[in-house]
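Down below is the structure, laid out as structure tokens.
Model, not experiment: these values are computed from the prediction.
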Amino acid sequence: MPIDIKYPLRKVTKEIRLDKLKNDIQPMIAWWYVGIDRKHIKGTQPNIVVGFRKLVDGLWSDEVTHRLVPLTALGQVRLGTVWQKGICTDEVAYPEAYFKVDFSRQGWRTISFQEAYNSHSELPFPQEIHKLKYSGDQSRLLEFSLPNGGKLIVPCLEFFSRCYGRSGEVKRVLATYPWEETLDSGNSRLFSPLNEPEEEGKWKVKLRRRLVNGDIVLLAHAKYDEYTRNVAKSIYAQIEAGFNNEAHKMPLFFADMPPWFEGLAEIKAKGIWFNDNKSFLALRITGCSDPDGEIIERDRENTNKTDAPVDNGGQGDSWDGAPTRTKIKRPSIFDLTSEDDPNFNATPVEIYDDDFIVLGSQREVVDVRKEKAENSAGTKVQGDAPDNYSSAEPYGNNGLTGQASISARPVMDSEGMLSDMWSAMLRLKSRYSNVTSVEWYTFHDGYSDNPEIRLIGLKEVPADLEDIDVATRNWVYSNTSLKDKTRGVLVAKVMIGETPVHFLEIERRSQSSNTEESYRGLVFIPSATENFEVSLNILLENICLVKGVVTKVAHLCPGVGFSFKHSQSRNDQNLCDSALKNALDKVGFKI
């Protein structure tokens with residue numbers, strides 16, 4: 001019987017065309033990660049058997065078609081994405097949900113439908129919400145207990161693809177090579193030699209070239225945390241055992257991919273609710289939290305964080321002979337193959353999976369900056385234009401297959417600009433001893449350090465003011481249709497020594513694409529000679545008249561004030577850290 005998905009499709013754009021799907025003329029939806037293909041050459045990344053359903057007369061076929069997808073491409077071929085002639089055109093708009101779970105061993109288990117049937121235990125989820133080809137499906141699933149008595153179900157391959165680092169390379173290495181090749185200090189595929197002694201209480205990691213900065217937390221734990229190391233070792237061990245099991249007659253096998261750290265965690269995912277909305281089948285993970293732990297010192301084999309060049313009197317040998325990386329205008333379509341290895345002579349390309357939201361506080365990472373470079377760039381050559389791209393291990397110089405580096409960009413989860421700025425102020429206090437207090441202010445409560453912030457409600461534009469257009473009068477309302485509530489503003493004080501630095505942030509309206517309106521903030525140091533309450537009232541009245549364009553009213557701030565942008569640096573550990581530091585810089589404080 002054809003399957004009708006109750007959720008709508010939305011248009012998406014991917015940058016790849018998959019060779020294994022190019023001959024499929026009808027639209028096909030990626031339905032399930034079935035297992036790992038047993039046909040495998042040692043030292044190459046595994047292929048994943050993905051189940052697709054074809055679109056027939058507006059409904060998805062009951063028949064499941066299997067296709068092979070490279071492990072590193074799972075971040076592109078996500079469950080619920082629709083493909084035609086090898087190109088992704090749409091994806092199912094599953095609802096998104098947020099969960100607090102326990103990654104400690106008592107908080108989860110792995111299971112499959114076949115295992116549940118054999119043990120006469122509760123099935124992972126009712127298949128009427130997401131029908132699989134076999135009622136006794138053997139795909140491995142993670143099951144997390146939820147506080148409400150329900151459960152969160154995540155396919156193990158989805159968890160591995162999204163939560164084990166940010167690059168496809170780290171997953172390829174973990175699944176392709178014995179652990180000795182991943183960690184050995186001289187020949188490690190993940191860790192470059194530190195060339196300096198380890199120090200007690202410091203986690204030092206030097207990343208290999210093909211890894212991305214977002215891999216650092218996983219790899220730091222793999223190096224220093226025995227629990228993570230054992231989990232990481234188990235990935236290849238399971239895959240090797242599956243390949244070598246000659247008694248296994250099936251063309252595919254299955255592996256557990258458990259959480260790689262212990263403790264409380266947060267997960268955000270898109271999928272399907274069941275069990276009266278107490279339980280959730282997570283088909284696409286959109287974000288996860290970092291583990292707590294030591295500050296990580298991150299270095300790179302190909303670092304550019306140096307104050308002076310190397311003293312070698314000329315050309316170095318770093319990246320010697322590497323092809324020039326060409327910036328290609330996006331969106332272009334890159335043919336991704338699983339048949340060929342990339343060639344050293346062909347121009348490489350960077351391909352991005354869906355962004356990955358880092359929930360909660362991002363793990364603190366310090367980039368190592370060296371006084372002098374260890375090497376300088378070697379002679380690069382003009383790369384040959386590739387016919388296609390591969391994310392496998394580069395080999396040889398006699399072909400036109402370019403190397404594809406696939407990764408997900410980590411982004412920080414926002415709770416709204418007001419909350420993000422307040423959280424940044426609280427972090428400032430915890431990090432710097434000269435920041436003695438952080439408080440919010442309202443006319444009614446005065447100053448308070450209660451972590452639950454309160455806002456000052458803006459007043460409607462007086463009716464007797466003439467020449468005020470409708471848009472300006474309506475700006476003050478949180479909802480212009482209902483007009484039942486006015487916007488609020490956050491006024492906060494950060495005491496730096498004896499100086500009370502104040503911030504003002506406007507409450508934003510939500511927009512259709514899960515974003516907020518964008519407004520600048522104000523930073524000011526009140527004058528001791530003027531009435532703060534009176535001056536603040538005048539400022540708030542005028543903010544309404546300029547529809548939140550605070551650059552026009554910065555001169556009305558109590559004391560000396562400036563507007564500032566909420567800019568973000570790539571090196572921010574948390575949202576609004578750079579915005580806060582830039583604002584303080586405007587009033588003379590260097591953080």
Side-chain angles (χ1 to χ4, degrees), residues 98-100 214 217 263-268 286-293 295-296 355-366 409-442 445 447-456 487-496 500-511 514-524 550 563-587 589-591:
Y98 164 87
F99 303 94
K100 289 187 176 182
V217 181
L264 298 180
E266 304 167 57
I267 290 179
K268 186 177 281 189
T286 55
C288 186
S289 56
D290 282 341
D292 294 330
I295 296 174
I296 300 169
D355 288 348
F356 188 89
I357 303 170
V358 182
L359 301 171
S361 295
Q362 192 170 10
R363 181 67 166 275
E364 190 160 357
V365 177
V366 177
R409 290 169 287 203
V411 298
M412 287 170 278
D413 190 32
S414 174
E415 296 180 358
M417 185 56 68
L418 272 65
S419 292
D420 293 343
M421 281 295 292
W422 175 250
S423 295
M425 294 177 208
L426 294 176
R427 284 193 298 272
L428 202 68
K429 181 176 181 294
S430 69
R431 291 174 180 172
Y432 300 98
S433 59
N434 61 333
V435 179
T436 55
S437 69
V438 174
E439 300 173 301
W440 49 261
Y441 173 86
T442 68
D445 301 289
Y447 290 100
S448 172
D449 61 0
N450 190 317
E452 296 295 325
I453 58 175
R454 290 187 180 179
L455 308 182
I456 299 174
R487 297 176 191 255
V489 296
L490 168 66
V491 176
K493 178 180 70 174
V494 175
M495 285 297 299
I496 304 180
V501 182
H502 284 65
F503 296 84
L504 186 148
E505 292 287 349
I506 297 168
E507 184 180 8
R508 278 76 161 161
R509 293 178 190 148
S510 297
Q511 296 179 315
N514 294 323
T515 59
E516 291 184 322
E517 297 171 313
S518 178
Y519 292 104
R520 291 191 179 206
L522 288 173
V523 58
F524 55 93
V550 295
S563 66
F564 65 90
K565 292 181 180 179
H566 298 91
S567 55
Q568 185 174 328
S569 166
R570 288 190 307 172
N571 297 322
D572 276 355
Q573 296 300 314
N574 292 282
L575 287 170
C576 293
D577 283 354
S578 289
L580 186 60
K581 292 175 182 179
N582 293 338
L584 289 171
D585 186 42
K586 291 203 169 191
V587 291
F589 287 96
K590 295 281 188 183
I591 297 292

When you measure from the side chain of [X] to the backbone N and O of [Y], does any donor-acceptor pair fall under 3.5 Å?
X	Y	result
R508	G416	no
S430	R427	yes
R454	E452	no

Where is the tightest heavy-atom contact between [X] and [Y], given as atom of each residue plus distance?
X	Y	value
S567	S578	O-CB, 3.7 Å
T436	K429	O-CE, 3.4 Å
H502	V491	CD2-CG1, 4.4 Å
H566	A579	CA-CB, 3.6 Å
W422	N450	CZ2-O, 3.8 Å
A492	M425	CB-SD, 3.6 Å

[X] side, atom [atom1]; [Y] side, atom [atom2] - distance, nearest 0.5 Å:
X	Y	atom1	atom2	answer
L418	L455	CG	CG	5.5 Å
L359	K268	CG	NZ	6.0 Å
I506	S518	CD1	OG	10.5 Å
D420	E505	CG	CD	10.0 Å
E364	I295	CD	CD1	4.0 Å
I456	L504	CD1	CG	7.5 Å

Could you tell me if the side chain of [Y] sits less than 4.5 Å from the side chain of [X], heavy atoms only?
X	Y	result
L584	V501	yes
W440	D445	yes
K100	L264	no
M417	E517	no
Y432	I496	no
V550	F564	no
K565	N582	no
K590	D585	yes

* To do: With sequence neighbours left out, write down each residue that passes salt bridge (charged side-chain N to carboxylate O under 4.0 Å, His left out) with D292, or none if nothing qualifies.
  => none
* Structure fact -> For E439, the salt bridge (charged side-chain N to carboxylate O under 4.0 Å, His left out) test, sequence neighbours excluded, returns K493
* Asked: Do the ring planes of Y447 and Y441 sit parallel (below 30°), tilted (30 to 60°) or perpendicular (above 60°)?
  ->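 Tilted, since the angle between the ring planes falls between 30° and 60°.
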* Asked: Checking side chain to side chain contact (heavy atoms under 4.5 Å, CB included) against L428, which of V438, L580, D577 comes through?
  ->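 Result for side chain to side chain contact (heavy atoms under 4.5 Å, CB included) with L428: L580.
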